[in-house]
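Below is one structure, written out as structure tokens; comments come after it.
Protein chains get the first letters and strands the later ones, always in sequence-line order, with residue 1 at the start of each.
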Number of protein chains: 2
Amino acid sequence: MARKTGSHSEITGPRIREAAVRLFARHGYAAVSMRQIAAAVGVQAGALYLYTPDKQTLLFDLMRAHMEDLLRAWQAEPMRRAPLHRLEDFCRFHIRYHLDRTDGTFISYMELRNLEPKNFEMIGALRRDYEAALETILRDGVAEGRFTLPDTKLSTMALIAMLTGVNTWFRESGRLSRERVEQIYWDMVRRSVGA
Amino acid sequence: MARKTGSHSEITGPRIREAAVRLFARHGYAAVSMRQIAAAVGVQAGALYLYTPDKQTLLFDLMRAHMEDLLRAWQAEPMRRAPLHRLEDFCRFHIRYHLDRTDGTFISYMELRNLEPKNFEMIGALRRDYEAALETILRDGVAEGRFTLPDTKLSTMALIAMLTGVNTWFRESGRLSRERVEQIYWDMVRRSVGA
DNA sequence: CTTTAAAATGAACGGGCGTTCAGATAAGGC
DNA sequence: GCCTTATCTGAACGCCCGTTCATTTTAAAG
């Protein structure tokens, strides 16, 4: 019995996760029923509870997985020395990673308010970890005299908002290629930090 | 009878609108019931239907009002000549306006997916009008050789995302004053367009 | 082929949903 | 005081919700 083996939160079936991510991103957590998710998987609603203790935990697990994957992926990137190079790598990584996971990204930004306080705090902490990665680059760049930024915390938020915004308009079939988008965004970011 | 006088969509009582904006922003459209809105106003659920034909129209009216007010407010701003001045005015206006209406802004960005197709298209058109205001400034600046931007459409989206992002972190009681935030964002924007 | 455990069903639970409407209440003009 | 008209109530409608659970189906292991 899956219900008795180990902790729930980690083992949600991949098919369920995929269906839930898709549906939550399209219609929103509150607007999607467990029955809809089950139908997308090809199963009855009751069967979902073999894999997750409840709907809230399902959402939380999806969001946590998204953030932890993001942090792991960034840490796995080779790290160069110069702040300017690191900033370029961060920009390109951020755009690429988020464009590859539009649904997960959407959920992570839109469904924060549907998390219970304890879960909200956990996701918030992961997000702050990611922001800290960028802020460290900015601070190093300022310390080395390469960047001109009066407030690295504010600039961190500004840059992340700008970069994540790509997800709202980019279409694979559109006028601009990913590589071109990456390049133009990086040019704007580089100039905005005064480098 | 309110129900028979004129078109519904325009006359939703101010108390209902305020309560709905607050609740939709806090919990999301799908998660808020008509009964909750009614309770916040101090009335029974049925009474709401004297002022709006249904929940969907209530959401749509709130979003349309937000976008139309935004466009009107920008058009009412005095318009300077030089693209650089106009860009500065736009940045400061955008930040100020959105910080003054955090709930309405939140809804306008988060609840698009809960609009029926026809309503979605209408709100989308208003948003494109607003984006066009910024893009015109950027194009003029490029034409005059003041800005260096390979793609003004992309830059429009990038800048609006960056500026609107202020709403996600700014707190009136925080470390930075509005004026200081405006100034720093404007510096980043100015540099990002190559001016 | 039998045993055993995992996976899924399908009905049921109490409860909240958006919306309607006949009837009560309140507010002014005469 | 009466009449008109706007406002609101409160119960009801059918429907869907998240979740539980006894029971059945599926699938390996021995």
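The separation between B:Glu116 atom CD and C:dG18 atom C1' is 13 Å, rounded to whole Å. In this entry the distance linking CG of B:Leu50 with P of C:dT25 reads 17 Å, nearest Å. The distance between atom NZ of B:Lys55 and atom P of C:dT20, rounded to the nearest whole Å, is 15 Å. One can place CG of B:Leu48 at 15 Å from P of D:dG10, the figure rounded to the nearest angstrom. Distance CD1 (B:Ile37) to P (C:dT19): 10 Å, rounded to an integer number of Å. Across the protein-nucleic acid pair, A:Gln56 atom CD and D:dC17 atom P stand 18 Å apart, rounded to whole Å. With rounding to whole Å, A:Asp54 atom CG is found 5 Å from D:dT19 atom P. Rounded to a whole Å, the CG atom of B:Asn114 is 12 Å from the P atom of C:dG18.
When distances are taken from the side chain of B:Met34 to each of C:dT19, D:dC17, C:dG10, the shortest belongs to C:dT19. Among the nucleotides D:dG10, D:dT19, C:dT19, the one closest to any side-chain atom of B:Gln44 is D:dG10. Candidate nucleotides C:dA7, D:dT7, D:dT19 were compared by shortest atom distance to the side chain of A:Ala45, and D:dT19 ranks first. Taking every side-chain heavy atom of A:Arg35 into account, D:dC17 is the closest of D:dC17, D:dC8, C:dT19.
Between A:Arg146 and A:Asp140 no salt bridge is recorded (no basic side-chain N to carboxylate O distance below 4.0 Å).
Side-chain atoms of A:Glu131 and A:Thr156 include no donor-acceptor pair closer than 3.5 Å. No donor-acceptor contact under 3.5 angstrom links the side chains of B:Arg35 and B:Gln44, judged on distance only.
Between A:Ala47 and A:Ala30, it is A:Ala30 whose nearest contact on DNA chain D lies nearer the 5' terminus.
The residue B:Val41 sits apart from the nucleic acid: no heavy atom pair falls under 4.0 Å.
Note on B:Ser33: a side-chain N or O is less than 4.0 Å away from OP1 or OP2 of C:dC17. Within the 4.0 Å cut-off from OP1 or OP2 of D:dC8, not a single side-chain nitrogen or oxygen of B:Tyr49 is found.
The main-chain N or O of B:His98 is found under 3.5 Å from a side-chain atom of B:Asn167 such that the two form a donor-acceptor pair.
Checked against a 6.0 Å centroid threshold, the rings of A:Phe170 and A:Tyr185 do not count as neighbours.
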